[in-house]
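These numbers were taken from a predicted model, which means no experiment stands behind them. Side-chain atoms are counted along with the backbone in the values below, which use heavy atoms only and exclude waters and symmetry mates.
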Amino acid sequence: MSEREDRSRAAGPGRIVDRRDSRPMAMRRWPSLALAGACLTLGLSIAFSGARADETLADTPPSQIRRLTESQYRNVIADIFGPDIKVVGRFEPDLRIDGLQAVGTSAVSVTAAGLEQYELLARNIAAQVTDDAHRAKLIGCAPTQADKDGANCARRFIAHVGPQLYRRPLDAAEISALTDEVVSAASTLGNFHAGLAATLSGMLTSPEFLFRVDRPAASRQTIDAWSKASRLSFLLWNTTPDQALLDDAASGALDTQAGLVRAVDRLVASPRFEQGVRAFFSDYLRLDGMDELAKDALIYPAFSQAVGTALREQTLRTVSWFLVERQGDYRDLFTTRSIAMNRALGPIYDIPVAQADWYVHEFPQSDPRAGLLTHASLLSQHSHPGRTSPTLRGVALREIFLCEKIPAPPANVNFAVVQNVDNPTLKTTRARLQAHLDDEECASCHRRTDPLGLGLEQFDGAGQFRRVEHDETIDVSGDFEKQAFDGAAALGRLFHDSTKVSNCLVQSAWRYAHGRNPVNADQAGLEQLNQRFSSGGYRFPALMRAIALDPALFAMPSLLPDRRTAAVRKSRESG
């Protein structure tokens, strides 16, 4: 079948644990039981069972709840409290379903261990917000002679920061309850700011903060204005709604077409839209693992962890520059000879780089590098630590750019022939793969993946160019959709012209926005998006604007699939 590696990270089963102690409420941990109970009270479905990071879950329901991704969590903290508040610690791995973490956020669980990690993050953040260096700016008040217990100050702080953290208004009862927690914790700890930090830590581990909740409007046909604000902001900016968007929700502007158009156009026109574009392509191109990508240092001495991080940044800078700054045709990403470059990446691309900062490099027409398929981020990521893999690369091209599904190989596949790079007879990867295809069970998948991957074989496992392998000239010919190509640049031109490639981007952007896979009822809307994308010149900002203005984005799901509804009902009945 496939030589594909399973690089998935398991999210272990989450146990429901009730840790009760005698500390003040604000100092207690949010146990998994509290988190599950809060979600069920909201009528939400969370599976407290593990799922591997690449799991296919084609029946993901219309989402009412989505966990914040790591990048969203970091962005939210920076936007609310400022960039000098550091987020220090590890996050539970995000779940990737059918290639997108954005879809995984609708099905991901929080394990007991993951909740502990969130608690550590929250305590550290709360301690910084309330420390001597930040409290004057971020809290802006303290207990006084007239407010000895600090209740008025606490109420003012909570009334200000609460709607930003929960992305909705807090009612008077909520504000009073949180204020009481501050006063109680401060009395126990003997320090007002310690009590405030304890309460803030609890808010940062609340499901109201950790999850994006879609609440129904009065009609129950659409989500409410606050949920709309969150959907728009996380889609277009990858962060929490700003005050202007919250004001639009409060005024009812987001419930009118004119107000919605004004809000979306403001978000798309903002410099922060680039942050949203980068977030989408980081997810779409699966670049999140580049920071931890490792290569055999003896085989690829030019590659390092710092280079891997720079390669990720290179691709994201190229994409955002081309699609946002230049308003370019998305298809031209597969043929452009322009690429972001810095000094650290000069050895990978074998070019002298005198500039210390990033700049846009232009490869000459004679250069074998052209387009996204020759970015070293993609080439190195879909290779082994010490050798290339046409199969891994072919799988990536099929799944990412063509939205196809390639099954994992059976457990008993023998990779010995492919892995033996010192075979004196089968010197090239192509020759070894051809021998592997003698197994007809494997051939069915390899015929779909390997011709594309072999077209990229002039780039080694670190993404560096080469012409020979073991003194044998590398053959990079192949065919795609019954059209012959010779080399990566020619394959890129075929991808440029393929409607499957552009349609796949539209589908992936739709899935990213909705947090789920489409069902039959969504196909007509997707086809309209495809037509608008092509007739509008394949402009990515226009695609995101169209998705953000589509009423389908704000439709309230009426019913979860039976098996999930049953699971929720069973949890409620068991208490």
Side-chain angles (χ1 to χ4, degrees), residues 6-21 23 27-57 59-61 63-74 76-77 87-126 165-166 201-213 283 286 288-289 291-292 515-516 560 563-564 566-572 574-575:
D6 183 4
R7 292 193 297 266
S8 62
R9 296 172 290 183
R15 282 193 247 166
I16 297 179
V17 181
D18 189 5
R19 299 192 182 96
R20 302 186 184 274
D21 58 38
R23 293 176 293 170
M27 297 177 63
R28 296 181 193 171
R29 293 179 174 180
W30 272 86
S32 297
L33 180 60
L35 187 60
C39 294
L40 290 174
T41 299
L42 293 168
L44 309 174
S45 174
I46 298 183
F48 279 81
S49 60
R52 72 182 184 87
D54 288 327
E55 181 178 354
T56 295
L57 196 61
D59 61 343
T60 50
S63 174
Q64 290 182 281
I65 183 169
R66 297 169 68 175
R67 194 182 79 181
L68 295 183
T69 64
E70 178 178 345
S71 67
Q72 289 168 350
Y73 185 106
R74 292 181 181 278
V76 170
I77 295 301
V87 179
V88 181
R90 296 183 62 84
F91 286 77
E92 197 163 38
D94 290 323
L95 177 69
R96 189 177 292 281
I97 289 179
D98 289 345
L100 288 181
Q101 291 178 341
V103 177
T105 60
S106 299
V108 74
S109 65
V110 175
T111 66
L115 186 58
E116 290 180 356
Q117 292 169 351
Y118 278 132
E119 290 167 348
L120 292 174
L121 291 168
R123 291 175 187 175
N124 185 274
I125 291 166
L165 291 174
Y166 292 171
S201 177
M203 295 174 74
L204 289 169
T205 51
S206 163
E208 295 271 12
F209 172 71
L210 295 176
F211 291 88
R212 297 161 49 191
V213 180
D283 193 355
R286 310 179 187 183
D288 53 292
D291 292 339
E292 301 173 359
R516 64 179 177 87
L560 300 177
R563 64 185 178 87
R564 298 194 180 211
V568 172
R569 187 184 302 114
K570 183 177 180 181
S571 297
R572 285 173 171 163
S574 64

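For Gln117, the side-chain hydrogen bond (donor to acceptor under 3.5 Å, both in side chains) criterion is met by no residue, not counting sequence neighbours. When the ring pair (Phe, Tyr, Trp, His ring centres under 6.0 Å) test is applied to Tyr73, the partners found at least two apart in sequence or on another chain are Phe91, Phe209.
For the pair Ser201 and Ala126, the tightest heavy-atom approach, listed with the atom from each and the gap, is N-CB, 3.9 Å. Between Tyr166 and Glu208 the shortest heavy-atom distance is CD2-CB, 3.5 Å. In terms of heavy atoms, Leu165 sits closest to Met203 at CD1-CE, 3.9 Å.
Side-chain contact between Asp98 and Val103 is absent, with no heavy-atom pair separated by less than 4.5 Å. For the pair Thr205 and Arg123, the minimum side-chain heavy-atom distance is 4.5 Å or more. Side chains of Gln72 and Thr105 form no contact here, defined as non-hydrogen atoms less than 4.5 Å apart.
Judged purely by atom type and a 3.5 angstrom limit, Arg96 uses its side chain to pair as donor or acceptor with the backbone of Asp283. In terms of modelled atom types and a separation under 3.5 Å, the side chain of Ser106 and the main chain of Gly515 share a donor-acceptor contact.
Note: Ile125 CD1 to Leu204 CG = 5.5 Å, rounded to the nearest 0.5 Å. With rounding to the nearest 0.5 angstrom, the CD atom of Gln101 is 10.5 Å from the CZ atom of Arg286. From Leu95, atom CG reaches atom OG1 of Thr69 across 12.5 Å, with rounding to the nearest 0.5 Å. The structure places CG of Leu68 at 9.5 Å from CG of Asp94, a figure rounded to the nearest 0.5 Å. In this structure, CG on Asn124 lies 10.5 Å from CD1 on Ile77, to the nearest 0.5 angstrom.
Applying the ring-ring contact (aromatic ring centres under 6.0 Å, His included) rule to pairs touching residues 95-126 yields nothing, sequence neighbours excluded.
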